[in-house]
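Given the structure is predicted, the values throughout are model-derived calculations rather than measurements. One-based numbering, in listed order, for ligands and for the atoms of each.
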Amino acid sequence: MATISPESPADILARYRAERDKRIDAKGNGQYVDAVGELARFGDTDPNATPRIERDPIIAEVEVLIVGAGFGGLLTAARLKEAGIDDVRILDLASDFGGTWYWNRYPGVQCDIESYSYLPLLEETGYVAKHRYAYGDEILEYSQFLGRYFDLYPKTSFQTAVTDVHWDEKAQRWQVNTDRGDRFSARYFMLAVGRVSRPKLPGIKGIETFKGHSFHTSRWDYAYTGGDTHADLDKLGDKRVAVIGTGATGIQLIPRVAKTAQQLTVFQRTPSSVGVRGNHATDVDWYKAQKPGWQEYRRALFLDAASGLCDDSEIRDGWTETGRILREGKPAHPETPEEIGKRAMMADIQVMNGRRQRIDDTVKDPETAEKLKPWYNLFCKRPTFNDEFLDAFNRPNVSLVDASGDNAITEITETGVIAGGKEYPVDLIIYASGFQVIGKVGQRVTFPVKGRDGVMLEDHWGAGMRTLHGLTAHNFPNWFYIGQGQNAVAANYTTTVDDQAKHLAYILTEAKKRDATVIEPTAEAEQGWLDEIRASNKRPPEFYENCTPGYYNNEGKGGVTIWAESYAPGAAAFNALLKKWRDEGDMKGLTLR
Ligand code: NAP
């Protein structure tokens with residue numbers, strides 16, 4: 001196998017820039033289309049729905065109404081219950097708990113964060129995770145288990161779509177209407193719909209004209225492919241399949257499709273970095289020997305190790321690699337910001353050279369190996385981890401099409417995919433094209449949210465999120481946002497939402513103690529937080545601008561990016577800040593009435 005040529009860092013950075021320039025699309029996020037109108041079936045269908053739940057409309061007053069039955073909603077309900085707030089109603093379009101794990105059941109679906117950190121409340125529930133990296137079906141079952149554990153099923157209405165929500169100033173409550181004719185009047189309203197709940201499709205001409213079969217990965221059609229998340233897709237033996245997209249989802253499903261399809265053509269625009277997975281069954285003796293408090297310790301350790309703030313030997317995985325190199329190479333003398341920046345760049349190049357070398361070591365055809373190499377800084381795109389993906393390209397039935405730059409996909413015809421002027425006839429097109437992570441609020445939240453004086457959330461956040469601590473917004477009294485945003489974006493989503501849920505439980509408990517029924521941040525506090533998180537962002541804007549486009553950097557358009565809008569010092573610092581805020585005891589920035 002070829003060995004990566006010892007290119008100079010300057011050459012590598014020049015290559016990064018060229019690869020980025022090739023992929024920039026002037027339309028930014030506008031290159032994508034929502035699964036609506038003619039494309040509605042890509043998002044509206046639910047292949048996993050249970051038979052329709054017939055029920056009468058509910059007309060009720062509740063203390064807390066939560067939209068979203070994924071980990072955000074589950075943890076909010078669980079932490080509120082712990083705090084003695086039990087009058088809760090959860091609504092979700094799905095037929096069960098699970099959120100993203102309910103919808104995403106594509107073959108090979110697995111979590112990239114180790115289960116001992118990702119699966120929340122393990123100590124409380126005594127659950128023993130099966131593997132170091134849990135498969136999607138286990139996470140889905142665990143979500144359902146949590147639903148039972150906290151007795152949330154009777155409080156949850158599934159197969160229910162919220163149609164509109166508004167703050168009733170006179171009643172000082174949220175009025176929530178649904179497509180089942182429900183009318184809830186809620187003191188508190190929590191939006192916990194996640195950031196990867198609305199599928200997006202590439203805005204390629206002709207998607208609706210394709211006469212074969214096609215679906216988005218979050219609506220996998222096993223009736224067509226056969227198999228399940230683990231078992232072979234046994235109906236693909238006579239099918240020519242196209243997969244469009246090689247993000248975290250594409251990487252996991254491609255080896256599984258490759259195994260049984262008559263022919264698989266992978267359309268890759270930007271290669272993912274694919275690190276080692278190294279999954280294994282849980283050593284139950286090790287697990288059971290953990291001391292009380294182990295999970296909180298491990299979760300914090302994971303985030304610190306990934307940031308290079310502590311030794312990672314207890315937890316070492318692909319997320320902690322760069323942090324380890326940086327920590328171990330730290331000189332004794334204090335460094336200037338330039339020295340830190342240079343060392344960080346060299347560490348990144350070292351890690352990415354390793355990723356590129358792995359491709360050369362695995363993929364036999366040198367041309368395919370070249371195409372699979374990622375040329376950008378590791379955290380320009382979400383890193384992926386897989387031990388079967390690269391090897392899939394050694395199979396005779398699998399081919400890789402570079403769909404970047406001049407070779408872009410330009411059309412979907414009745415019979416196939418046109419890229420670089422060539423038509424690839426296929427029977428099945430699988431869109432692994434992701435979700436509206438950075439789309440406007442209205443592309444992620446399907447119902448209007450109207451705050452005080454008719455202020456629409458979509459307008460309030462028109463130029464990006466505005467919150468106090470990522471949780472509450474001015475003009476939206478008693479309204480709380482659960483998820484990643486203007487808190488600290490961390491690799492482990494469930495720590496973020498659990499920390500948020502605990503903080504929220506504190507706020508509601510304090511409000512009760514102080515006989516307050518309305519909580520709202522002041523406009524000044526909201527602006528202050530926005531200023532603080534922007535000031536906290538030490539990475540120069542060029543870092544994002546020089547990255548290959550994607551949802552991490554607003555598709556290379558600059559402006560509001562996910563990272564630039566979160567609290568850069570990280571989860572531990574953010575939690576310390578919130579703890580200090582709580583300890584001060586004056587609910588600074590919130591008005592309580
Ligand atoms: P994604 O990361 O947004 O990837 C979408 C893919 O589609 C990218 O490879 C993108 O290429 C490609 N694409 C879009 N338009 C295209 C076009 N016109 N032609 C060719 N390719 C096109 O979506 P995802 O893979 O579903 O992942 C979404 C998020 O879900 C992840 O980032 C992660 O947070 C989460 N997730 C986690 C796990 C896990 O823990 N294991 C697994 C799956 C997903 P470009 O890169 O060039 O834009």
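Of the possible donor and acceptor atoms, one in the side chain of Gln295 sits under 3.5 Å from a partner among the backbone N and O of Tyr116.
Residue contact check: Tyr106 has heavy atoms under 4.0 Å from atoms 42 (C), 43 (C) of ligand 1. Atoms of ligand 1 found under 4.0 Å from any heavy atom of Gln110, numbered from 1 in the order shown, are 39 (C), 40 (O), 41 (N). Of all the atoms in ligand 1, the ones that sit under 4.0 Å from a non-hydrogen atom of Asp112 are 39 (C), 40 (O), 41 (N). Of all atoms in ligand 1, listed by their number and element, those nearer than 4.0 Å to a heavy atom of Ala432 are 5 (C), 6 (C), 7 (O). Of all the atoms in ligand 1, the ones that sit under 4.0 Å from a non-hydrogen atom of Ser433 are 5 (C), 7 (O).
At a 4.0 Å heavy-atom cut-off, ligand 1 touches Pro202 through the side chain alone. If you look at Gln252 next to ligand 1, the close heavy atoms, those under 4.0 Å, all belong to the side chain. Contacts between Lys381 and ligand 1 below 4.0 angstrom, taking non-hydrogen atoms only, involve the side chain exclusively.
When only interatomic distances are considered, the shortest N/O to N/O separation between Ile244 and ligand 1 does not fall below 3.5 Å. Backbone and side-chain nitrogen or oxygen atoms of Arg269 are examined, and one is located within less than 3.5 angstrom of a nitrogen or oxygen of ligand 1. Between Gly247 and ligand 1, an N or O atom pair is found at a separation short of 3.5 Å. In terms of polar-atom proximity, Arg382 is counted as a contact of ligand 1, with an N or O under 3.5 Å from an N or O of the ligand.
A salt bridge (charged side-chain N to carboxylate O under 4.0 Å, His left out) check over residues 240-250, counting only residues at least two apart or in different chains, returns the pairs Arg240-Asp427.
Of the protein's non-hydrogen atoms, Thr249 OG1, 3.5 Å is the one closest to atom 44 (C) of ligand 1.
Ring pair His216/Phe435: centre-to-centre distance below 6.0 Å. Ring-centre distance between Phe215 and Phe42: not below the 6.0 Å cut-off. In summary, the aromatic rings of Trp294 and Tyr287 are positioned with their centroids under 6.0 Å apart. In this structure, Phe71 has its ring center closer than 6.0 angstrom to the ring center of Tyr118. Ring centers of Tyr142 and Trp101: at least 6.0 Å apart, outside the cut-off.
With sequence neighbours excluded, the residues satisfying side-chain hydrogen bond (donor to acceptor under 3.5 Å, both in side chains) with Glu423 are Thr413, Thr415.
Taking each of Tyr551, Phe385, Phe435 in turn, the one with a heavy atom nearest to atom 31 (C) of ligand 1 proves to be Tyr551. With distances taken over non-hydrogen atoms, the option nearest atom 12 (C) of ligand 1 out of Pro374, Ala403, Gly245, Ala408 is Gly245.
Judged by a 6.0 Å distance limit and a 45° cone about the ring axis, Lys200 is positioned over the six-membered ring of Tyr32.
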